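If you're wondering where the values come from, they're calculated on a predicted model, not measured in any experiment. We count ligands from 1, going down the list as the structure has it; atoms in each ligand are counted the same way.
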Amino acid sequence: MALASSLTQSDIWKLLQQHHADIAQEHMLDWFANDPNRFESFHVEAAGLSLDYSKNRVTRDTMQWLIRLAEERDVPAKTRAMFRGEAINRSENRPALHTALRNFSDRPIMVDGADIMPEVRDTVQRMEEFCWKIRRNQWRGYTNQPFTDVVSIGIGGSFLGPKLASSALKPYWDSGLHIHYLANIDGTHITEILKRLNPATTLFIIQSKSFGTQETLKNATACREWFLRNGGTEDDLPKHFTAVSSNIEKATAFGVAEENIFPMWDWVGGRYSLWSAIGLPLALAIGIDNFRDVLRGAHEMDEHFRTAPLDQNMPVIMALLGVWYVNFFGVNSHATLPYDHYLRSLPGHLQQLDMESNGKSVAIDGQPLDYQTGPVIWGGVGTNGQHAFHQLLHQGTHFTPCDFIMPMNSHNPIDSFHAVLVSNCLSQSQALLQGKSEDDAIEELVAGGMSRAEATVLAPHKVIAGNRPSNTIYFPKATPQTVGALIALYEHKVAAQGFIWGINSFDQWGVELGKKLGGKVLSALESDRIPEHFDGSTNGLIRAFHHMQDYL
Ligand code: F6P
């Protein structure tokens, strides 16, 4: 049987379908009422993080059968294969070995017959030396002034992870360096960054695994031209331009001195590359010791994922809950809601991590799937979201499972601020759980002085369905270790879901078509001749672009 249909035809899948039908109408509040230990039973800890998953539409039976699903889909064996470095990214014939980048054990990791760990450790050592020189002002700009600013030029995985970790760990920035992330191909973005900078005190890091990404190369070229136009010379370039890439040839052809290129490897996917030298801007900001702690936190989560029994395994539990909602409740989105200003970039990173990994329609053997895979990942920081999109979470026709993420202590305690923030976080998941019945809405309105007749008319607008699920991930404080563990937690959740769905979570062929078509459209935009060979809409939009070029 093809891999795809073997999932939906399996006994465990059918059992879960039946079980869903049996409990779909039950209310979580009743489960809490009947089980005083529900919080303790649906709770797990790993690598300094705690997960409360008691506010989910699951019973002990549900969890037991979901765990059986994970077993039958070989999650433990596939996990071991990933850690061992097997070529689990089959469409590109590569391993997915981001875990090697934070392997603090003495386990060798073999790729093509060679242990990759010495090269990984050498790279961290080089990063350490580089950070040391920049942070101690040993490596200076062409006027011999120390660097004040670092511009990291990269997009996608070469941008989102480092940006998230840098902002998450802002309290650990101790070098005085300002770190800027330039990603988009948008004249406004680059202009807004460069206009505040002095070329003599600015260091550029070109971050591109392939060194072939249009946006990154165009931005890097523009930065180099800006540097040369504003006082720097060709001879000064090596002092100011460094790169992280697996394509040394292209990086040197661009003009980066070979000794200023940090390596990347085929066996690290872009969205999993924060842990490599792509994390350089982060290491410059927080120092190599803190960077190592980020790796350590991730390694602790790796060890947990690799060794914990499935029913105690945080990433596996989160993966199974996601599968439960997507495939049995028909849910198609998932919200991530950090209650921490420093973690505000988390939803953006998770969008790429999850949607680029699990936005797939065929099984690993190429067969079309007869079930849904990765949901839309979105979210935003609390409490801001409460005054924006939480309305839909509470009363919308769509039902969206949420992850609330909350450090129990703030880096910036101001009187009762943090307690207020936490109270908002807890009361949101509580409101999603309990909702408000029509009777309660009527009584509330009557108590407020409204007539019963008027209250009955207004009450339906105030009804909140409740019984809406959420996870709460909490930890003492957002430190380098906990932030590392948190990011790794989601990486493994995504991998475990991919293992269950039988898809390849490590390729991203879907993004290629747009890139190819982009070249042809660009030629049409830059040509004098109005094209007729695209579809009607694209032709029309290109015509509009041409017509509007005279607009001032
Ligand atoms: O277009 C998608 C993508 O390939 C991502 O997977 C990757 O993170 C990003 O582009 C950037 O790629 P690179 O590091 O090769 O410039």
(message) For atom 12 (O) of ligand 1, what is the closest protein heavy atom, and at what distance to 0.1 Å?
(response)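 Sorting protein heavy atoms by distance from atom 12 (O) of ligand 1 puts T213 OG1, 3.5 Å first.
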(message) How far is atom 15 (O) of ligand 1 from the closest protein heavy atom, and which atom is that?
(response)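 Ranking protein heavy atoms by distance from atom 15 (O) of ligand 1, first comes S210 OG, 2.6 Å.
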(request) With heavy atoms of K209 as the reference, note each atom of ligand 1 found under 4.0 Å away. (result)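 Matching atoms, with element in brackets: 13 (P), 14 (O), 15 (O).
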(request) Go through ligand 1 atom by atom and flag the ones less than 4.0 Å from a non-hydrogen atom of I155. (result)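 Ligand 1 atoms under the 4.0 Å threshold to I155: 9 (C), 11 (C).
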(request) Only heavy atoms count here, so choose which of E356, Q508, K515, R271 is nearest to atom 5 (C) of ligand 1. (result)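 That would be E356.
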(message) Quick test of your reading of the structure: of G154, G157, G212, whose heavy atom lies closest to atom 7 (C) of ligand 1?
(response)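 The nearest heavy atom belongs to G157.
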(request) Look at ligand 1 and say whether E512 reaches it with a heavy atom at a distance under 4.0 Å. (result)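 Under 4.0 Å: no for E512.
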(request) Using non-hydrogen atoms of the residue, decide whether Q352 is closer than 4.0 angstrom to ligand 1. (result)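 Judged by the 4.0 Å heavy-atom criterion, Q352 does count as contacting ligand 1.
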(request) Decide whether a cation-pi geometry holds between R224 and F254; the criteria are a distance under 6.0 Å from NZ or CZ to the six-membered ring centre and an angle within 45° of the ring axis. (result)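 Yes.
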(request) Validate the cation-pi geometry between R126 and F262: distance from NZ or CZ to the six-membered ring centre under 6.0 Å, angle to the ring axis within 45°. (result)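 Satisfied, under 6.0 Å and within 45°.
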(request) On the 0 to 90° scale, with breaks at 30° and 60°, tag the F305-F83 ring pair as parallel, tilted or perpendicular. (result)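 Ring orientation, 0 to 90° scale: tilted.
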(request) Please check if atom NE2 in H533 has more than 12 non-hydrogen atoms from other residues, nucleotides or ligands closer than 6.0 Å. (result)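 Buried by this count: over 12 neighbours within 6.0 Å.
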(message) Between T336 and D403, does the side-chain hydrogen bond (donor to acceptor under 3.5 Å, both in side chains) criterion hold? Intermediate values first, please.
(response) CA-CA 5 Å; T336 313; D403 288 352; 5.0 Å; no
(message) Less than 6.0 angstrom separating the ring centers of Y325 and H334, yes or no?
(response)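 Between Y325 and H334, the centre distance exceeds or equals 6.0 Å.
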(message) My understanding is that only one of R296, R107, R102 makes a salt bridge (Lys or Arg N to Asp or Glu O under 4.0 Å) with D302; could you say which?
(response)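 Exactly one pass, corresponding to R102.
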(message) Pairs of nitrogen or oxygen atoms closer than 3.5 Å, one from Q207 and one from ligand 1: do any exist?
(response)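 In this structure, Q207 places no N or O atom under 3.5 Å from an N or O of ligand 1.
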